[in-house]
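Below is one structure, written out as structure tokens; comments come after it.
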Amino acid sequence: MRVDMKKLAMVLCTCLCCALVSCSSYRVAAFPFVSAEGVDAAQLQSWRLQTDAAPISYTYDMPDTEENEDRMVSFTDMVEPGDLQAAINLATEAQGENCIGLKDVMIDYRWMRIPLLGEEYRYRITGTPVRKK
């Protein structure tokens, strides 16, 4: 009988931990094309460009600030233009110096909270790199 109580306690503890974990993902933007900061329309028209054959996926971890934590808790004000541009800039920089933007872009905001272990907030960017030839 004692072994059964231990198993029951473990099951209840596991269920409680799973119930306290919370996470979600929201599609916040979709664009046909986004460019890195500092690239203007005149440059895009004058450069010869090529698109990679395969899309990429890039994750931008939000800075661990009280403001970002408040966004996650309240579900409001999740998209700040500066945050999106920073995420886009880092995603293009990660593809090499000749990458000037991304085509067919989707940006998701993701968050997860695990009791006693912490929280995580991030943007996930998927798209196809566009490069200068």
Side-chain angles (χ1 to χ4, degrees):
M1 182 73 176
R2 183 172 248 186
V3 173
D4 292 334
M5 291 302 284
K6 285 183 180 180
K7 287 181 182 178
L8 180 62
M10 288 298 291
V11 169
L12 288 175
C13 183
T14 303
C15 290
L16 180 62
C17 288
C18 290
L20 293 176
V21 170
S22 57
C23 63
S24 189
S25 176
Y26 301 93
R27 172 77 33 91
V28 294
F31 301 109
F33 178 78
V34 293
S35 66
E37 199 167 34
V39 177
D40 63 13
Q43 290 173 315
L44 290 173
Q45 291 175 357
S46 64
W47 287 335
R48 295 188 66 207
L49 304 174
Q50 68 182 21
T51 304
D52 285 7
I56 57 102
S57 181
Y58 182 82
T59 300
Y60 170 67
D61 290 318
M62 299 286 289
D64 191 15
T65 63
E66 188 175 325
E67 178 186 12
N68 289 331
E69 188 174 330
D70 290 343
R71 286 184 203 169
M72 186 193 73
V73 172
S74 68
F75 300 103
T76 60
D77 192 32
M78 287 183 288
V79 182
E80 290 288 328
D83 292 340
L84 285 179
Q85 189 61 55
I88 291 165
N89 291 343
L90 289 171
T92 56
E93 288 172 15
Q95 305 311 307
E97 65 181 53
N98 66 341
C99 182
I100 54 110
L102 300 170
K103 178 183 161 192
D104 300 327
V105 177
M106 294 202 214
I107 303 175
D108 297 325
Y109 180 82
R110 297 175 180 222
W111 61 268
M112 176 182 285
R113 172 173 279 170
I114 301 172
L116 304 175
L117 295 179
E119 300 90 21
E120 171 183 287
Y121 346 96
R122 56 180 46 184
Y123 284 113
R124 183 176 176 100
I125 300 173
T126 54
T128 307
V130 176
R131 304 175 187 281
K132 290 190 291 187
K133 281 188 174 184

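Sequential numbering from 1 along the given sequence is applied to the chain's residues.
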For Leu90 and Ile125, run side chain to side chain contact (heavy atoms under 4.5 Å, CB included): C-alpha distance rounded to whole Å, both residues' side-chain angles, the deciding distance at 0.1 Å, then the answer.
CA-CA 10 Å; Leu90 289 171; Ile125 300 173; over 6 Å; no
What are the two closest non-hydrogen atoms of Glu37 and Gln85, and how far apart are they?
N-NE2, 3.4 Å
Locate the shortest heavy-atom distance separating Pro55 from Ala53; write the atom from each residue and the value.
CD-O, 4.2 Å
Between [atom1] of [X] and [atom2] of [Y], what distance do you get to the nearest 0.5 Å?
X      : Y      : atom1 : atom2 : answer
Tyr123 : Asp108 : OH    : CG    : 11.0 Å
Leu49  : Lys133 : CG    : NZ    : 8.5 Å
Arg122 : Tyr60  : CZ    : OH    : 12.0 Å

What pairs with Arg48 under side chain to side chain donor-acceptor pair (under 3.5 Å), at least two apart in sequence or on another chain?
none
Hey, does Pro129 have a side-chain heavy atom less than 4.5 Å from the side chain of Asp52?
yes
Beyond-backbone contact of Ile56 with Leu102, side-chain heavy atoms, under 4.5 angstrom:
yes
Please answer: with hydrophobic residues joined when any side-chain heavy atoms are less than 4.5 Å apart, are Val28 and Tyr58 in the same cluster?
yes
Which residue in the set Asp104, Val34, Thr51, Asn98 passes side-chain contact (heavy atoms from CB on, under 4.5 Å) when paired with Val130?
Thr51
Go through the steps to decide whether Ile100 and Thr92 satisfy the test side chain to side chain contact (heavy atoms under 4.5 Å, CB included), and finish with yes or no.
CA-CA 6 Å; Ile100 54 110; Thr92 56; over 6 Å; no
